[in-house]
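Here is the structure we will look at.
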Amino acid sequence: MRILFFGRGVISTQYAWAFEKAGHTVEFYVRKGRKESFGSNIELEMWDARRGKQLIKESWNVKLHEELSPNYDLIIVSVNTEQLPEAAQLLSTAAGNTPVLIFNNVWQDLKSSILPLSMNNVVFGFPGGGGGIADNRLRGGFLKMLFLEKPRVGTEQINNKVKELFESAHFKISWIKDMQNWLWGHFAMNAAIETEVLKLGSFPALMNHSDSFANVGKNMREIIPVLKARGAKIDRISLLLTKIPPALLGTLFNKVIFAKGSLPRLFMEYNNSKAGFAVLEVVREAKKLGIPFPRLTVTFENTEHHKVIENSIS
């Protein structure tokens with residue numbers, strides 16, 4: 001299969017590497033000027049957990065393009081959430097009828113998030129990995145599991161193509177019946193976590209602060225009413241975050257979910273992305289709905305995104 005990745009970020013690079021190793025042709029679309037600045041290779045230092053826990057260290061040659069064409073079997077989009085509208089607009093004019101996998105967080109309703117692309121030509125999924133890129137060096141990794149929406153009417157053929165692709169590279173798919181609801185819940189969790197990152201300054205700092213995840217639980221308690229007001233069904237994980245006492249929740253995250261040496265913890269520690277957009281979107285929604293948001297608002301008022309929020313709802 002010939003696959004184009006939209007952007008050469010952490011997720012795109014890691015899955016592209018895995019697909020190439022499985023015998024597929026992978027290429028990247030990047031913004032004008034990035035081809036020269038990125039260069040023709042990237043240094044990889046990442047964990048591959050498809051068969052045990054294997055550390056990959058290699059200089060990987062990549063093929064970059066600054067123009068889009070429809071000459072692919074599949075286009076995979078994994079970008080920052082705020083970049084998705086621009087990506088969808090560009091793909092609608094340059095990608096023809098090439099099927100598209102949207103492989104990242106979404107806070108809007110799914111149809112609006114990919115306009116003017118057709119829902120019949122798009123499927124939604126979410127990766128099981130993370131990390132960061134600095135100085136053309138990627139540190140991170142991916143798990144065996146990833147998430148993919150169950151076929152909608154009209155997307156059966158695309159879903160099957162995506163399924164065959166991931167299974168050919170020995171990934172395991174967790175099928176999501178209501179991808180809209182699942183993504184809303186995941187985005188809300190990101191906002192709860194990023195609130196603490198804004199306080200502490202970085203994702204590594206989050207992982208090494210004793211009260212971080214107790215506070216994440218408190219943040220989720222504020223966000224739940226926003227999800228309910230949107231009509232979301234609150235999943236079991238989100239409910240647990242609001243029911244477990246904060247001190248116990250902090251222990252659960254620090255000792256189990258993000259235990260020292262675990263891959264989820266390493267992915268977070270390698271994450272050097274700029275936090276804040278998820279908080280911006282959730283706070284904006286809460287203000288629009290008239291839902292009080294003291295914890296997240298106080299944290300956010302001293303960040304560079306605060307004026308953006310105020311201007312967008314005034």
Side-chain angles (χ1 to χ4, degrees), residues 5-15 28-31 75-92 100-117 119 122-133 140 142 146-149 176 178-198 202-203 206 216 219-220 223 226-227 230 232 235 238 267-268 270-288 293 296 299-300 303-309 311-313:
F5 282 83
F6 194 99
R8 199 217 62 174
V10 173
I11 297 301
S12 294
T13 302
Q14 293 185 131
Y15 282 90
F28 297 86
Y29 165 77
V30 296
R31 294 180 183 180
I75 295 174
I76 299 179
V77 178
S78 182
V79 296
N80 295 330
T81 310
E82 61 268 33
Q83 297 172 323
L84 185 55
E86 181 184 351
Q89 182 67 49
L90 183 56
L91 288 170
S92 72
V100 178
L101 168 64
I102 303 296
F103 206 43
N104 57 268
N105 252 341
V106 177
W107 179 240
Q108 290 177 277
D109 70 274
L110 298 185
K111 185 175 182 180
S112 297
S113 73
I114 53 111
L115 286 174
L117 289 173
M119 286 288 282
V122 172
V123 295
F124 293 85
F126 198 86
I133 297 178
F142 50 80
L146 60 102
F147 305 91
L148 189 67
E149 68 169 330
I176 307 298
D178 186 346
M179 198 68 187
Q180 175 74 88
N181 200 77
W182 191 93
L183 285 169
W184 278 351
H186 191 277
F187 195 96
M189 172 61 78
N190 271 22
I193 290 174
E194 285 188 19
T195 300
E196 298 310 301
V197 174
L198 290 173
S202 70
F203 284 92
L206 171 83
V216 167
N219 297 339
M220 276 300 293
I223 298 174
V226 178
L227 290 172
R230 282 189 142 206
D235 60 34
S238 297
F267 299 165
M268 288 282 275
Y270 294 152
N271 189 342
N272 59 358
S273 63
K274 191 173 185 179
F277 183 78
V279 189
L280 182 156
E281 289 292 279
V282 174
V283 170
R284 176 189 288 158
E285 186 79 2
K287 286 179 176 286
K288 185 170 69 176
F293 237 43
L296 273 71
T299 299
F300 214 63
T303 73
E304 63 187 78
H305 293 294
H306 183 243
K307 289 182 180 180
V308 177
I309 295 174
N311 291 337
S312 69
I313 62 175

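Sequence positions, counted from 1, serve as the residue numbers for this chain.
Between Met189 and Ser238, every side-chain heavy-atom pair lies at or beyond the 4.5 Å cut-off. Taking 4.5 Å as the limit, every side-chain heavy atom of Leu91 sits out of range of all side-chain heavy atoms of Ile114. In this structure the side chain of Tyr29 never reaches within 4.5 angstrom of the side chain of Ile75, judged on heavy atoms. A 4.5 Å side-chain heavy-atom check between Val279 and Thr299 finds every atom pair outside the cut-off. At least one side-chain heavy atom of Leu183 sits under 4.5 Å from a side-chain heavy atom of Leu110. Side chains of Leu146 and Pro127 form no contact here, defined as non-hydrogen atoms less than 4.5 Å apart. Counting heavy atoms from C-beta on, the side chains of Trp107 and Glu285 come closer than 4.5 Å. Looking at Met179 and Val106, their side chains never come closer than 4.5 Å, going by heavy atoms from C-beta outward.
Taken from CD in Glu86 to CZ in Arg31, the straight-line distance is 5.0 Å, to the nearest 0.5 Å. The distance from atom CH2 of Trp182 to atom CZ of Phe126, rounded to the nearest 0.5 Å, is 5.5 Å. In this structure, the separation between CG on Asn190 and CZ on Phe277 is 11.5 Å, given to the nearest 0.5 Å. To the nearest 0.5 Å, atoms CH2 (Trp184) and CD (Gln108) are separated by 10.5 Å. Atoms CG and CD, on Asn105 and Glu281 in that order, are 11.0 Å from each other to the nearest 0.5 Å. With rounding to the nearest 0.5 angstrom, the CG atom of Leu206 is 5.0 Å from the CE atom of Met268.
Residues passing the salt bridge (charged side-chain N to carboxylate O under 4.0 Å, His left out) test with Glu194: none are found, sequence neighbours excluded.
Across all non-hydrogen atoms, the minimal contact from Ala286 to Val226 is CB-CG2, 3.8 Å. Nearest heavy-atom pair across Ala275 and Val197 is CB-CG1, 3.6 Å. The two residues Ala188 and Leu227 come nearest to each other via the heavy atoms CB-CD1, 3.8 Å. The heavy-atom pair separating Pro116 from Ser92 by the smallest distance is CG-OG, 3.2 Å.
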Inset, instruction - Begin from the C-alpha positions of Phe124 and Met119 and carry the test side chain to side chain contact (heavy atoms under 4.5 Å, CB included) through to its verdict. - result: CA-CA 10 Å; Phe124 293 85; Met119 286 288 282; 3.9 Å; yes

Inset, instruction - Please step through side chain to side chain contact (heavy atoms under 4.5 Å, CB included) for the pair Leu84 and Ile102, ending with a clear verdict. - result: CA-CA 9 Å; Leu84 185 55; Ile102 303 296; 4.0 Å; yes

Inset, instruction - Could you walk me through whether Asn271 and Val10 pass side chain to side chain contact (heavy atoms under 4.5 Å, CB included), step by step? - result: CA-CA 9 Å; Asn271 189 342; Val10 173; over 6 Å; no

Inset, instruction - Check the pair Leu90, Phe6 against side chain to side chain contact (heavy atoms under 4.5 Å, CB included), reporting the backbone distance first and the verdict last. - result: CA-CA 10 Å; Leu90 183 56; Phe6 194 99; 4.0 Å; yes

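Partner of Phe5 under the side chain to side chain contact (heavy atoms under 4.5 Å, CB included) criterion, out of Ile76, Val30, Val77: Ile76 alone.
A donor-acceptor pair under 3.5 Å links the side-chain atoms of Ser78 to the main chain of Phe103, judged by distance alone. Listed for the Thr195 side chain is a donor-acceptor partner under 3.5 Å among the backbone atoms of Ala191. Between the side chain of Asn104 and the backbone N or O of Asn80, no donor-acceptor pair lies under 3.5 Å.
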